[in-house]
Amino acid sequence: MSQEVRVRFAPSPTGPLHIGGVRTALYNYLFAKKMGGKFLLRIEDTDQTRFVPGAEDYIQESLAWLGIPADESPWKPGDVGPYRQSERKSSYMQYALDLVEAGHAYYAFDTSEELEAMRERLTAARVVQPQYNSITRTQMKNSLTLPEEEVKARLASGEPYVIRVKIPRKEEVRLNDMIRGWVMVHSSTLDDKVLMKSDGMPTYHLANIVDDHLMGITHVIRGEEWLPSAPLHVLLYKFFGWEDTMPQFAHLPLLLKPDGNGKLSKRDGDKLGFPVFPLNWENKETGETAAGFREQGYLPDAFLNFLAFLGWNPGDDRELFSLDELVEAFSIDRIGKSGTKFDIAKAKWYNEQYLRSKTSAELVKLLVAEAKAEGMEIPADKAEALVNLTKDRCTFAADLWNESKCVIIAPKEFDMAVAEKRWNADAVKVLSNYAGALKAYSGTFDAETAKTMLGASAEAEEIKLGKVMQAVRLAVTGSGAGPDLMEVFAILGPQEVANRIQFALDTLPVIA
RNA sequence: GGUCCGUUCGUCUAGGGGUUAGGACGCAUCCCUUUCACGGAUGAAACACGGGUUCGAUUCCCGUACGGACUACCA
């Protein structure tokens, strides 16, 4: 009988959730759903000095926006709670003490000044890697070097202390990563990491092992930055005697800067003009702000699809996947090993694809909302025609409005660069003729009619239509580029088109 | 510096001992067209390097180079 898959996403509430974290959450979600298991969210807030108010809400809202909510979380507790490490504080010490008891950990009383002095001494002695380990710990103040009585006295007096793991001197530590295969590290390169901090809180290393064990986590899917400490975690599972239920590890490739090299950072986004966070963020205390994909106009499905393909692919030529399809297609062995550079152009392409696949009704909603944000209204009888006319020209929902503007708002001024080239005597003749014809017209008016009438006007003046088309567009929309003109005319209706032409005729001096 | 991880078109990637090394984004050209787009077609563009193993290596092995992560009482 196979065990239920349980995975967790374990962010720290230290600020907005980085896009790399979002992808980690997504892969955890996809794996859990694919395996018919559970996706948990655990808040790793053991560093009280870095806690940022609002960050938890941000995490929750981000997952909600993407449609990948956790099955168990601080806001939806299952039966292995609490789901905030700060609320589990009381349980960690006992586990650390068990390790001390078993000889796998020890108390250390060194002050930060003493630690600093030790590092300096080792550096001066050209020790390649100054660290608290099996050698150096013999020279520090800890329960391994101090007499038992003194240790007891120090503890009793309330002197601050930490508990450090006692890394064995010679041991080959190995783990079988689901993405990277066997990874082997010698224990001599590991250091005696702090397990319990002097403030009584556990470090990540202790907390994540204890909690993953207690929460029944079967697979740990996290970023590659954790790979170097994974051997320590393996050792800890062994020390606790939990090897049998140790989760399987999968270390995800990093998200890299689009240009040059290195981990993708907020700075890169700012510099290149794209967000690296799912939602807008504002830290009320520091005034720090960050742009979000949602506010930039990205659709959650498109963003999700884009994100899924940053390091994973289905193995065939398909590119467009709904969340359900992603779940169906997902597998950890199709996750790549190497770092992935972030390409915003691809994200835009995904957004275009998803925008265009929306129904007219959905697009109308988006257009109306965008217009409203600009203080404008879209006449109900024109909305559908507008979105159908403009959607193929749009990347974001905001473009629906940008592209529709020229229909909704009559031009007050004209693109003079176009006017200088195209606004000539021929154009004026044709337009005058056309305006007159439109004013007199009262039948049904569609794109076909608009064009036939325009053609007739041109013919009447013995002028080739193609020669004056740009001028016609300029007169009615004020610019030289835009959606299909005849369709625009159809939406406007003959009277409005005539009015606009008349305004242009009255305003624009003949230049060309 | 040390430990660990990685390296196929500019980018995301497929592939895998013998292939014209495939797709997508982007780019270019052409077609469509009343403009700009959309769409269609075409094109330029990659196996980091050096040794092995092999009849044969981009693919397997070992080095080198390059890149990255980690190296806190942060996660």
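In the text below, chain A, chain B and the rest are named by the order of the sequence lines, each starting its count at 1. Given the structure is predicted, the values throughout are model-derived calculations rather than measurements.
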Under 4.0 Å between any heavy atoms, over every strand shown, what does [X] touch: base, sugar-phosphate, or nothing? Just pick one.
X: A/Lys337; answer: sugar-phosphate
X: A/Met201; answer: nothing
X: A/Val162; answer: base
X: A/Gly336; answer: nothing
X: A/Gly466; answer: nothing
X: A/Arg119; answer: sugar-phosphate
X: A/Thr49; answer: nothing
X: A/Thr189; answer: sugar-phosphate
X: A/Asp177; answer: nothing
X: A/Pro483; answer: base
X: A/Arg334; answer: sugar-phosphate

Problem set entry | Centroid-centroid distance, A/Phe321 to A/Phe309, less than 6.0 Å |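 Yes; A/Phe309 has its ring centre under 6.0 Å from that of A/Phe321.
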
For this session: Please find out if less than 6.0 Å separates the ring center of A/Trp281 from that of A/Tyr58.
Result: yes

Can you tell me the Watson-Crick or wobble partner of [N], both distances under 3.5 angstrom?
N: B/rC70; answer: B/rG2
N: B/rU58; answer: none
N: B/rU19; answer: none
N: B/rU7; answer: B/rA65
N: B/rC27; answer: B/rG43

Rounded distance in Å - [atom1] ([X]) to [atom2] ([N]):
X: A/Trp312; N: B/rA14; atom1: CH2; atom2: P; value: 11 Å
X: A/Asp343; N: B/rC9; atom1: CG; atom2: C1'; value: 14 Å
X: A/Lys391; N: B/rC36; atom1: NZ; atom2: P; value: 22 Å
X: A/Asp392; N: B/rC32; atom1: CG; atom2: P; value: 20 Å
X: A/Glu225; N: B/rA75; atom1: CD; atom2: C1'; value: 9 Å
X: A/Glu319; N: B/rA14; atom1: CD; atom2: C1'; value: 11 Å
X: A/Met178; N: B/rC5; atom1: CE; atom2: C1'; value: 18 Å
X: A/Asn388; N: B/rC38; atom1: CG; atom2: C1'; value: 14 Å

Exercise. Which nucleotide in the list B/rU13, B/rU34, B/rC25 gets nearest to the side chain of A/Thr340?
Worked result: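 It is B/rU13.
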
Exercise. Where does the angle between the aromatic ring planes of A/Phe306 and A/Phe293 fall among parallel (under 30°), tilted (30 to 60°) and perpendicular (over 60°)?
Worked result: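 Rings of A/Phe306 and A/Phe293: tilted, 30 to 60°.
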
Exercise. Any cation-pi pair here, A/Arg164 with A/Tyr132, using under 6.0 Å and within 45°?
Worked result: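 Relative to the ring axis of A/Tyr132, which defines the angle, A/Arg164 lies inside both limits.
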
Exercise. Given A/Tyr106, which of A/Thr145, A/Asp192, A/Asn142 fulfils the side chain to side chain donor-acceptor pair (under 3.5 Å) condition?
Worked result: A/Asp192

Exercise. Are A/Thr203 and A/Thr46 side-chain neighbours, meaning at least one heavy-atom pair lies under 4.5 Å?
Worked result: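 Heavy-atom side-chain distance check fails, nothing below 4.5 Å.
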
